[in-house]
Amino acid sequence: MSGQWQVVERIAQDESDISLRHLFASDPARGQKFSLSCNDIFFDFSKQILSVSGLDALVALAHEAGVQEHFAGMMNGAELNVTEHRPVGHMHLRSQGDSSMAAAAKEQTERAIELAEAIRAGRIVGFSGHAFRAIVSIGIGGSDLGNVVVADALEAWCNGPACYFVSSIDPTHLDNVLTRNNLSPEFTLFVVASKTFTTSETLHIASRAREWITSALGAEAVSHHFVATTAAPKVAAKWGISNDHILEFFDWVGGRFSVSSVIGFPAIVSCGGEVFRQFLRGMAATDEYVQTTPLAQNAPVIHALLGVWNASMRHSSSLAVIPYSHGLRHFPAFLQQLLTESNGKSVTVDGHGVTYATSPTVWGEPGPAAQHSFFQMLHQGTNKISTDFIAVRRTSNNDESGQQILFASMLAQSAALAFGKTEQEVRADGVPESLVPHRTFVGNKPSTCIVMPVLNAFTLGQLIAFYEHSAAVQGWIWNINSFDQWGVELGKALTAQIEPILTGKQSIDTDSSTAMLADWYRQQD
Ligand code: F6P
């Protein structure tokens, strides 16, 4: 790696035993110095184990990696996704600029809003003339996770048909959604969300949904009851979706970066076009910020640098994402795909093996439940874990005391992780000596707090774009391609080979474990 990488590495080594207690004691203004605003997002990274010189060195590393030039490249349509020979265009999905990419995206967003508004107003109805009451979105990965977050977060704005999501090929998922919600074919619109329209799980579920419609309403109903959101319109048309129900996005939008494309159609139907426009404005606000703010004060860039610092320099292979907001309950799953599918790579853009750790494992659950579960491990376990806490000041209800407990819990957990409780402090509480080791908290566990005044379409857009940019910046610093996902292909190919042996139609020469388990499967029939 470059000279600046080595400078950062040296600082990490020299300061490896630095403590948060010491960092805070030696600088009473640390909180103010290690925090930034990014439009409505307030980002406090003071409880990361990092000195001023470490931070300065990381910012220099971002300069050296050409972060600003890469953002410019995204806007210029440069082929940043080198292994798939594609530009990386998700900022164009919400840009007001006059590029051809922005124009193409705008046209499709307007089509999606027009179609959604017609459905909401009952101008477009089901085959038997009934207005749609439910939208069932069928998709997986990037064609599902962002939509789920948007639907949860904007629940209070949902005044149209209810939205349901089916992502698992386990038939139980579709069946439960249809039966437990008493959905009827006459009133149900399916959205098949798939960038490629080749994902086997999605197509299998969609075929079962098509059978459900055709067996109740006949084959002609399919064109009325299905919409596709896809970058493969011809394949969707061949599958049976009518052209005026095919909403397009583009091969220059990665699946996990597609939430601001027409993939967001279910939310538009549920909440209306204006709410979705607000969401896009929020994302555009972060886009503008990230491109115009000096790197040293640029919150998503600093967030990315902290990820590099923790994973590559401090050898922490785990990032816990803990939302203290019910509306963000599925945000950890969304971030898991965004960050790990983007940066779980071990070769550089030019194909050489990396010599440093890249993406940590990203995981998490909402704070209130997590505190009564794996927080034991966060506080007293042996793994090196960094935590992103995310919280909101106001929710749509008026339970101020509940909100206070929620926010206080996040502050308490973050402080407990950082500062712990020494043996002396435990003894001072009168704890029996035999229990002192059990009641001690070593502390010095890094965390970041990301807080917003309110959760609405505008701030949610800002938050999602914040993390999209953090993922991209990390990739540029690690010199890996954050925009491909070849690592998912081998498993897909093997599934296609193994599936026929489960039905006994074919035998293949395979390893003894796979053969044994395939035998076991057949014997259960
Ligand atoms: O298998 C991984 C993946 O390609 C993700 O990158 C993507 O978000 C997901 O599958 C779904 O793909 P598609 O939208 O093409 O169905």
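FYI, side chains are in, hydrogens and waters are out, and symmetry mates aren't considered; it's all heavy atoms of this structure. Counting starts at 1 for both ligands and their atoms, following the listed order.
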**Message:** Tell me whether atom 10 (O) of ligand 1 lies less than 4.0 Å from at least one protein heavy-atom position.
**Reply:** no
**Fill in**
Per-atom filter on ligand 1: closer than 4.0 angstrom to a heavy atom of Q485 are 6 (O)
**Request:** Would you please determine whether E489 falls within less than 4.0 Å of ligand 1 on a heavy-atom basis?
**Result:** no
**Message:** So that I can tick it off, tell me whether E489 and K492 are bridged by a salt bridge, with the cut-off set at under 4.0 angstrom between side-chain N and carboxylate O.
**Reply:** yes
**Asked** Parallel, tilted or perpendicular: which describes the rings of W476 and H70, with under 30° parallel and over 60° perpendicular?
**Response** parallel
**Asked** Of all the non-hydrogen atoms in the protein, which one sits nearest to atom 6 (O) of ligand 1, and at what distance?
**Response** E341 OE1, 2.9 Å
**Prompt:** Can an N or O of T202 be found at a distance shorter than 3.5 Å from an N or O of ligand 1?
**Reply:** no
**Item:** Short side-chain donor-acceptor distance under 3.5 Å, S168 and H173
**Value:** no
**Message:** Taking K345 first and then D484, would you say they form a salt bridge - that is, a charged N and a carboxylate O separated by under 4.0 Å?
**Reply:** yes
**Request:** Please determine if R120 and E114 form a salt bridge, counting it only when a charged side-chain N lies under 4.0 Å from a carboxylate O.
**Result:** no
**Atoms in ligand 1 flagged as close to K492, the criterion being non-hydrogen separation under 4.0 Å** = 1 (O), 4 (O)
**Message:** Among all protein heavy atoms in this structure, tell me which lies nearest to atom 15 (O) of ligand 1, with the distance rounded to 0.1 Å.
**Reply:** T196 OG1, 2.6 Å
**Request:** Number the atoms of ligand 1 from 1 as they appear, then name those within less than 4.0 Å of a heavy atom of I140, with their elements.
**Result:** 9 (C), 11 (C)
**Asked** Hey, are R94 and E468 close enough for a salt bridge, meaning a charged N less than 4.0 Å from a carboxylate O?
**Response** yes
**Prompt:** Against heavy atoms of T199, which atoms of ligand 1 measure under 4.0 Å?
**Reply:** 12 (O), 13 (P), 15 (O), 16 (O)
**D175 and R180 ion-paired at < 4.0 Å** = no
**Asked** Can you list the ligand 1 atoms lying under 4.0 Å from a non-hydrogen atom of V488?
**Response** 1 (O), 2 (C)
**Request:** Anything under 30° is parallel, anything over 60° is perpendicular, the rest tilted; go ahead and classify F466 against F43.
**Result:** perpendicular
**Asked** What atoms of ligand 1 come within less than 4.0 Å of a heavy atom belonging to G142?
**Response** 7 (C), 8 (O)
**Asked** Looking only at heavy atoms, is any part of K195 under 4.0 Å from ligand 1, and if so is it the side chain, the backbone, or both, or is it neither?
**Response** both
